[in-house]
Amino acid sequence: MELADRAVGFLLSFISLSIFTYYTFWVIILPFVDSDHFIHEYFLPQEYAILVPVFAGVALLCFLCVFIGFVMLKSKKKKA
């Protein structure tokens, strides 16, 4: 079980580092590259640089609220 947990941890770390590197390159470095350069084909338009994190944050906040609500309802049923 310990090996599986370690593999999952490495996988999550790799995915997080990949997303961070992609987003950092997209937001910080890409605006300084010529617009006709081929590297622009691999990235979404700049407008999405704000929309994607905002949408992810709202989705995470909604998930957390629903999770806390379920936990509160479950603990209320246990007390009764």
Side-chain angles (χ1 to χ4, degrees):
M1 188 66 167
E2 182 179 321
L3 185 61
D5 291 341
R6 186 176 230 168
V8 169
F10 281 130
L11 180 66
L12 289 176
S13 296
F14 177 75
I15 290 171
S16 298
L17 186 63
S18 299
I19 291 172
F20 175 77
T21 305
Y22 180 86
Y23 187 77
T24 302
F25 189 82
W26 181 27
V27 172
I28 296 175
I29 297 172
L30 203 61
F32 299 108
V33 178
D34 290 335
S35 60
D36 58 344
H37 198 272
F38 75 92
I39 198 75
H40 282 277
E41 296 174 9
Y42 299 108
F43 295 92
L44 292 172
Q46 287 295 118
E47 296 85 33
Y48 291 106
I50 299 298
L51 293 176
V52 169
V54 166
F55 178 75
V58 168
L60 180 65
L61 192 62
C62 290
F63 174 75
L64 287 175
C65 289
V66 168
F67 177 75
I68 290 171
F70 277 132
V71 168
M72 289 173 63
L73 286 174
K74 207 173 205 181
S75 67
K76 188 176 181 180
K77 287 182 182 178
K78 276 188 178 179
K79 288 182 180 180

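Everything quoted here is computed from the prediction, not taken from an experiment.
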Which donor-acceptor pairs under 3.5 Å do the side chains of residues 17-30 make with protein atoms, sequence neighbours left out?
from, atom 1, to, atom 2, distance (Å)
S18, OG, F14, O, 2.8
T21, OG1, L17, O, 2.8
Y22, OH, Y42, O, 3.0
Y23, OH, A49, O, 2.6
T24, OG1, F20, O, 2.7
W26, NE1, L44, O, 3.0

Answer yes or no: does atom CG of L3 have more than 12 heavy-atom neighbours from other residues, nucleotides or ligands under 6.0 Å?
-> no
Distance, nearest 0.5 Å, that separates CG of L12 from OG of S16 = 6.5 Å
Quick one: which residue pairs count as a ring-ring contact (aromatic ring centres under 6.0 Å, His included) with a foot in residues 52-76, not counting sequence neighbours?
-> none
Set of side chain to side chain contact (heavy atoms under 4.5 Å, CB included) partners for P45, sequence neighbours left out | E47, Y48
In a table with atom names and distances, give each donor-acceptor pair under 3.5 Å that connects a side chain of residues 34-41 to protein atoms at least two apart or in another chain.
from, atom 1, to, atom 2, distance (Å)
H37, ND1, I39, N, 3.2
H40, NE2, V33, O, 3.4
H40, NE2, D34, O, 3.0

